**Q** 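Below is one structure. I have some questions about it.
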Number of protein chains: 2
Amino acid sequence: MARPERKTVRDVRKGNRGMLLRTLYFGGPRSRHELTGLTGLSAATISTMTGDLLTEKILMEAGQVESDGGRPRVLLRVNPVYAYLIGVDVAETHVRVELFDLEMAEKARVDYTLRPSHHDIELVARRILAGIDVVLADGQVDASQVLGVGIGVPGIVERGAPDALIHAKTFGWDGVPLGALMRAGTSLPVFIDNGAKTMGQAELWFGAGRGADHAVIVLIGSGVGATVVADGQAVRGTSNSAGEWGHTKIEMNGRPCRCGSRGCLEAYIGAEGLLARAGVPVQTTDWPSALGRVLHDGGPVVDETVTYLGTGLANLINMLNPERILIGGWAGLMIGERHLDQIRVVVGENSLTQPYNATSIVLGELGPDAVAMGAATLVLEEFLDTSAPLRLHAAS
Amino acid sequence: MARPERKTVRDVRKGNRGMLLRTLYFGGPRSRHELTGLTGLSAATISTMTGDLLTEKILMEAGQVESDGGRPRVLLRVNPVYAYLIGVDVAETHVRVELFDLEMAEKARVDYTLRPSHHDIELVARRILAGIDVVLADGQVDASQVLGVGIGVPGIVERGAPDALIHAKTFGWDGVPLGALMRAGTSLPVFIDNGAKTMGQAELWFGAGRGADHAVIVLIGSGVGATVVADGQAVRGTSNSAGEWGHTKIEMNGRPCRCGSRGCLEAYIGAEGLLARAGVPVQTTDWPSALGRVLHDGGPVVDETVTYLGTGLANLINMLNPERILIGGWAGLMIGERHLDQIRVVVGENSLTQPYNATSIVLGELGPDAVAMGAATLVLEEFLDTSAPLRLHAAS
DNA sequence: GCCGTTTCGTTCACGCATTGAACTAACATG
DNA sequence: CATGTTAGTTCAATGCGTGAACGAAACGGC
């Protein structure tokens, strides 16, 4: 029973301001008049609030629209260069740092290749910090204009005071305090989450998940994960490790999985498991094209994969009753592009009629590179919620 | 993205009042002074607010406590007879109507036996309405003192305007408007939800789930369902049918399930499936004692059941990362009482270390009869949220 | 060029919320 | 009975959203 916080009149302002900002952020340019309808606030409140936001330069005017016979509407929009966001994607093979403006337009990017089994946490932290400096220089943005840094990492991110701890087996990270390392090198606010979750967040906010209140975004790469969204909020669980869909069992005494257990969904539909089942040699390095060949050739392994994937999705539908399911991740997109219709059929056979009819199954829109963007979304979310004025943090 | 509502200063009051009420409801009698600490509100606010609540008779004084050397504390508590709640359990074999006071003490109850395949909706509605009159008479409570009626029904309850529709295959109900029928016979506010969910709600509020923000309450009877709680809120899904855990697939091409599909968890751990697998004759009527014998005798079917159940729970843990899992339902309690330790072992083998360690698995406390109480909880929840004054509705 | 009309946006007194500070109430101790 | 201590209340200050009155900026007709 999450107990609500004490509220004062000031929280009212904060909440309404955030709502107005969100409306304008996602609802395009609008006039003050339209905003009264969209937010439910009175014209008086809209007037004073937009006044504030304009002088703070969070909003800007965006032209006029004639209004048959009367005073023309002045359109307002979020000022995309009011501030900037940094998103970081820490993956097995690279560290990518991207700079976005408030509207998520990419302003600069830098990639660092990571040698396999060279995932020393200090090295990764140094790369990120260096990357921040590089994108700021490239984008000609001062650190004081940056709202924060979002980082998507593999593995489980245990959020807790004072510091988020990261557990990533494949990296050899066991309770690594990346947040603390970052704070030692920059004064920017840092947000860390699992990369699959940040990607889900990106799809939910800017991709195929827009507007969905109940959704599941599944990510199929070499690993398999999911982001569950209920009532517009990501379900994190008690230690922020919800969404390990890949290691739910779909078959008793099934194939061994790299997690040590058996019958995990990931062992069937994850790229690694899929390719192994199709007899692709282990030493293959270019997995995507290998997967392309397997899918092109077809055969029982592909059919099986569709069946396992569809059944897994059906389980999500029965359990969570989402209005939308997004399939993402490089392998997920490849499978989905060829077999989405078949998948839908399998899902239909394995889920209850009523929730099945309430769900649409679609592919992700943002491609597999959205991890950094989703990470930046963590910062954006904080900004839209609090619309905290800039500059409580000094330059990096 | 569930957009927040417009807020005014009055909503602040409503929210804080609700918080104070909840604190007092679950936190026993407290003095005004203690409440400042517990709620975070100032002494001034507590003073005026408790003043209001006392004159409205929602609160009452509950003695004094000396306070070494100073003015004694006056304890405040929720007035249990300020108002009453009615909970209804519509099951396959009976309709039960119970009257509770505000503190969920049972004041009266009445049972109506339902003949199998005699689930005419009009009949059920008549039984409920009659039951309401009976318990009010027995408990010597006037309808005007009742906050509302909560009803737990089998099947899927599709919540929507203007009316909740109920789909219950086993009852032959397909889109039945029970709410409308109730409103035709009583002016009391009516809340309807799935019985498994109301039971989950009861365990969460008054049973083994107290205080858990992330929990899953599984209900194992002849059918199998689950209530998912994330951030203190029940996850309902987009059409209120989340939680159909029993029909998630645990085995590809497994046993046929009464839902028409194969390999559903319910086909293995539901009482019906379990007994069938153990070779108990179909015509057996006393399922609980039959199950008792099977469990007592042991053997591979029981071991298998434990494995299936543990694996199913492991999937929940991986997917949702709850802090607590409650096992309820008459069959669930029988299995759990004998085999909880074994179940925990299986769960450990089939879930990821980190989320497993964050979860405790316990038995439900309220027994299988908590459906009506949970239904009444729906009314209570509404009351605590809004603390709506009584009497916007006339007598029934 | 002027005026009425229409639509958009702003200003201001009002009601209602929490709060800190000053105050009163109720006890124990010596 | 005076003093100290803790509990609870009252009140002016401050902040917020709102409706009503007002001001601003266009158009059309003359």
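Chain A is the first sequence line, chain B the second, and so forth, proteins listed ahead of strands; every chain is numbered from 1. As the structure is a prediction and not an experimental result, all values here were calculated from the model.
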**Q** Starting from P on D:dG17, measure out to NZ on B:Lys7 and report it in whole angstrom.
**A**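 So the NZ-P distance, B:Lys7 to D:dG17, works out to 12 Å.
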**Q** Nearest to the A:Val74 side chain among D:dT18, D:dA7, C:dG9, which nucleotide is it?
**A**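 So the side chain of A:Val74 is nearest to C:dG9.
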**Q** Round to a whole Å and report the spacing from CG of B:Asp11 to P of C:dT18.
**A**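 The answer, rounded to whole Å, is 11 Å.
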**Q** Which part of the nucleic acid does A:Val9 contact within heavy-atom distance under 4.0 Å: base, sugar-phosphate only, or nothing?
**A**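 If one applies the 4.0 Å heavy-atom cut-off, A:Val9 turns out to touch a base.
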**Q** Could you state the atom-to-atom distance from CG of B:Leu20 to P of C:dA17 in whole Å?
**A**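 These atoms are roughly 15 Å apart.
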**Q** Within residues 32-50 of chain B, find the residues that approach DNA chain C with a heavy atom at under 4.0 Å, and present them sorted by residue number.
**A**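 By residue number: B:Leu41, B:Ser42, B:Ala44, B:Thr45.
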**Q** Rounded off to whole Å, could you give me the NZ-to-P distance for the A:Lys14 and D:dG17 pair?
**A**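 These atoms are roughly 13 Å apart.
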**Q** Check salt bridge (Lys or Arg N to Asp or Glu O under 4.0 Å) between B:Asp52 and all other residues, then give those that pass, not counting sequence neighbours.
**A**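 Salt bridge (Lys or Arg N to Asp or Glu O under 4.0 Å) check on B:Asp52 returns B:Arg13.
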**Q** Tell me every residue that passes salt bridge (Lys or Arg N to Asp or Glu O under 4.0 Å) with B:Glu66, counting only those two or more places apart in sequence or in another chain.
**A**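 Listed in chain order: nothing, the list is empty.
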**Q** Without hydrogens or angle criteria, can the side chains of B:Asn321 and A:Ser239 be said to hold a donor-acceptor pair below 3.5 Å?
**A**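 Yes, side-chain donor-acceptor contact under 3.5 Å.
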**Q** Expressed in angstrom and rounded to an integer, what is the separation of A:Arg13 atom CZ from D:dT14 atom P?
**A**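 Checked: the CZ to P distance equals 17 Å.
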**Q** Please determine whether a side-chain nitrogen of the Lys or Arg among A:Asp193 and A:Arg236 lies less than 4.0 Å from a carboxylate oxygen of the Asp or Glu.
**A**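 So A:Asp193 pairs with A:Arg236 through a salt bridge.
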**Q** For residues B:Phe383 and B:Leu102, determine if any side-chain heavy atom of one lies less than 4.5 Å from a side-chain heavy atom of the other.
**A**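 SC-SC contact between B:Phe383 and B:Leu102 confirmed.
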**Q** Using whole Å, what does the distance between atom P of nucleotide D:dC16 and atom CZ of B:Arg6 come to?
**A**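 These atoms are roughly 16 Å apart.
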**Q** The helix from C:dG1-D:dC30 to C:dG30-D:dC1: angle between its terminal axes, five pairs each, to 10°?
**A**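 The helix from C:dG1-D:dC30 to C:dG30-D:dC1 shows an end-to-end axis angle of 20°.
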**Q** Between A:Leu53 and A:Arg17, does a side chain to side chain contact (heavy atoms under 4.5 Å, CB included) hold up when you go through it step by step?
**A** CA-CA 9 Å; A:Leu53 289 165; A:Arg17 197 173 131 121; 3.5 Å; yes
**Q** Pair up each side-chain donor or acceptor in residues 374-381 of chain A with any protein partner under 3.5 Å, not counting sequence neighbours, and list the distances.
**A**
from: A:Thr377; atom 1: OG1; to: A:Met373; atom 2: O; distance (Å): 2.8
from: A:Thr377; atom 1: OG1; to: A:Gly374; atom 2: O; distance (Å): 3.4
from: A:Glu381; atom 1: OE1; to: A:Gln201; atom 2: NE2; distance (Å): 3.0

**Q** Donor-acceptor pair, A:Asp101 side chain versus A:Val81 backbone, under 3.5 Å?
**A**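 Between the backbone of A:Val81 and the side chain of A:Asp101 there is no qualifying donor-acceptor contact (under 3.5 Å).
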**Q** CZ of A:Arg73 versus C1' of D:dA24: gap in Å, rounded?
**A**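 It is 16 Å, rounded to the nearest whole Å.
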**Q** Return the value, rounded to whole Å, for the distance between atom CG of A:Asp52 and atom P of C:dG9.
**A**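 Those two atoms, CG and P, are 17 Å apart.
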**Q** Which protein N or O atoms sit under 3.5 Å from an N or O of nucleotides 26-30 of chain C?
**A**
from: C:dA26; atom 1: N3; to: B:Arg71; atom 2: N; distance (Å): 3.4
from: C:dC27; atom 1: O2; to: B:Gly69; atom 2: O; distance (Å): 3.1

**Q** Are B:Asp385 and B:Lys14 close enough for a salt bridge, meaning some N to O gap below 4.0 Å?
**A**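 Between B:Lys14 and B:Asp385 there is no salt bridge, as every charged N stays at least 4.0 Å from the carboxylate O atoms.
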**Q** Counting N and O atoms only, with roles assigned by atom type, does the side chain of A:Asn79 sit under 3.5 Å from a partner on the main chain of A:Met60, one being a donor and the other an acceptor?
**A**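 Such a contact is absent between A:Asn79 side chain and A:Met60 backbone.
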**Q** Tell me whether B:Thr48 contacts the main-chain N or O of B:Thr45 through its side chain, where contact means a donor paired with an acceptor under 3.5 Å.
**A**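 Yes, B:Thr48 side chain to B:Thr45 backbone: donor-acceptor pair under 3.5 Å.
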**Q** May I ask you to verify if any side-chain N or O of A:Asn16 is less than 4.0 angstrom from the OP1 or OP2 atom of D:dC16?
**A**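 No, A:Asn16 has no side-chain N/O under 4.0 Å of OP1/OP2 on D:dC16.
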